Amino acid sequence: RGSEREELAVEVGMRWQRFALLSPETNRNVASHALVNTLRYRRVRGDVEHGRVAVTGMLGLANSVGGNYGFDRQEARAGMEYRMGLSRLTVDFTGGALHGNAPFTERFAAGNTQLLRGWNKFEIAPLGATRLVASNVEFGRSLKGKLEASAFVDSGSVWSRGGTAVARNSAGCGLRTRDGFYFYVAFPLRDGRVEPMVMTGATF
């Protein structure tokens, strides 16, 4: 009555980036090049009618090669999705560490549409950070057609080496479709203030 499949993928490539840094005096062109290695794993077992479990994992490594920056970046993700009938439960964990001098695009960020939803990333770490720990728990219930109502709780911390890790939490609810489109209202959980944030977009 069930099925099982297992997938393992290895990706190796180069990332080439060039920037124009703005300063009071003049624009300075810099470059950041990195060797990128990614290992992805996915295992699916069962079916939706009787209960289907999908386990995923990702390990990403980036090492600078030339350019104006020197850094090593490690990121790991692990997740589980359980579906049965009209219900879905998703649990995800993310962690990362960055060593050396890296451009803004390589630094870790939270307070966006994926991590610590409801928080403002410019309040947490406006220039990005070198350490990241985060988790997401989301429950969804299918409505009509491809539409699904969901509620979630996010937790995590993003900070730089030598700084202090501050745990933050958020919660929210909204609608999403199986095509990846979503509309969420999220709330950062903090003392004394309620500041809802509306998020809409699509994931592919």
Side-chain angles (χ1 to χ4, degrees), residues 1-13 36-62 73-97 108-121 132-158 167-189 194-204:
R1 76 182 187 186
S3 61
E4 183 173 352
R5 63 180 184 273
E6 197 170 21
E7 303 170 1
L8 182 65
V10 178
E11 302 171 6
V12 179
V36 182
N37 301 282
T38 306
L39 177 66
R40 302 182 189 275
Y41 174 80
R42 178 178 173 85
R43 181 179 180 182
V44 181
R45 184 175 184 179
D47 55 54
V48 176
E49 181 180 357
H50 301 96
R52 185 185 72 183
V53 178
V55 178
T56 59
M58 188 280 290
L59 176 62
L61 305 175
R73 186 182 192 275
Q74 301 89 38
E75 182 178 3
R77 300 177 188 172
M80 184 277 295
E81 179 185 271
Y82 177 76
R83 286 185 178 270
M84 185 172 183
L86 301 176
S87 300
R88 171 185 63 86
L89 176 64
T90 304
V91 181
D92 290 305
F93 297 94
T94 304
F108 297 106
N112 46 42
T113 59
Q114 296 180 336
L115 302 175
L116 285 179
R117 291 167 285 185
W119 287 89
N120 187 332
K121 68 178 181 179
L132 169 68
V133 176
S135 66
N136 315 102
V137 179
E138 184 168 343
F139 175 79
R141 180 79 175 178
S142 295
L143 301 176
K144 185 177 181 180
K146 297 181 179 180
L147 192 62
E148 179 187 272
S150 63
F152 62 84
V153 175
D154 291 356
S155 299
S157 181
V158 57
R168 293 180 170 87
N169 304 286
S170 64
C173 59
L175 300 171
R176 54 180 284 177
T177 70
R178 295 178 186 175
D179 298 329
F181 294 93
Y182 60 85
F183 178 87
Y184 288 138
V185 178
F187 302 84
L189 302 180
V194 177
E195 299 176 351
M197 177 181 291
V198 176
M199 299 177 296
T200 184
T203 57
F204 301 98

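Note that the coordinates shown come from a computational prediction; the quantities given were computed from them, not determined experimentally. In what follows, every heavy atom counts, from backbone to side chain, and hydrogens, waters and symmetry copies are set aside.
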Closest non-hydrogen atom pair between [X] and [Y], with its separation:
X      : Y      : answer
Ala110 : Leu116 : CB-CD1, 3.9 Å
Cys173 : Phe152 : N-CE2, 3.9 Å
Met80  : Val53  : CG-CG1, 4.1 Å
Ala171 : Leu189 : N-CG, 4.2 Å
Gly51  : Tyr82  : CA-OH, 3.8 Å
Val185 : Pro196 : CG1-CB, 4.2 Å

Exercise. For Val44, which of Arg52, Glu81, Glu7 qualifies under side-chain contact (heavy atoms from CB on, under 4.5 Å)?
Worked result: Arg52

Could you tell me the separation between the [atom1] atom of [X] and the [atom2] atom of [Y], rounded to the nearest 0.5 Å?
X      : Y      : atom1 : atom2 : result
Met58  : Thr38  : CE    : OG1   : 6.5 Å
Thr113 : Tyr182 : OG1   : OH    : 3.5 Å
Glu75  : Leu59  : CD    : CG    : 9.5 Å
Phe183 : Ser150 : CZ    : OG    : 11.5 Å
Leu175 : Tyr184 : CG    : OH    : 9.0 Å
Leu147 : Arg178 : CG    : CZ    : 10.0 Å

Just wondering, do [Y] and [X] contact through their side chains at under 4.5 Å, heavy atoms?
X      : Y      : answer
Val137 : Leu89  : yes
Leu132 : Leu115 : yes
Met197 : Trp119 : no
Leu143 : Leu86  : no

Exercise. Arg88 and Thr90: side chain to side chain donor-acceptor pair (under 3.5 Å), yes or no, with the steps?
Worked result: CA-CA 7 Å; Arg88 171 185 63 86; Thr90 304; 2.7 Å; yes

Problem set entry | Sequence-distant partners of Arg43, side chain to side chain contact (heavy atoms under 4.5 Å, CB included), two or more places apart |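 Per chain and number, Arg43 pairs via side chain to side chain contact (heavy atoms under 4.5 Å, CB included) with Glu4, Glu6, Tyr41, Arg45.
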
Seminar exercise, completed: Partner of Asp154 under side-chain hydrogen bond (donor to acceptor under 3.5 Å, both in side chains), picked from Arg168, Gln114, Arg117, is Arg117

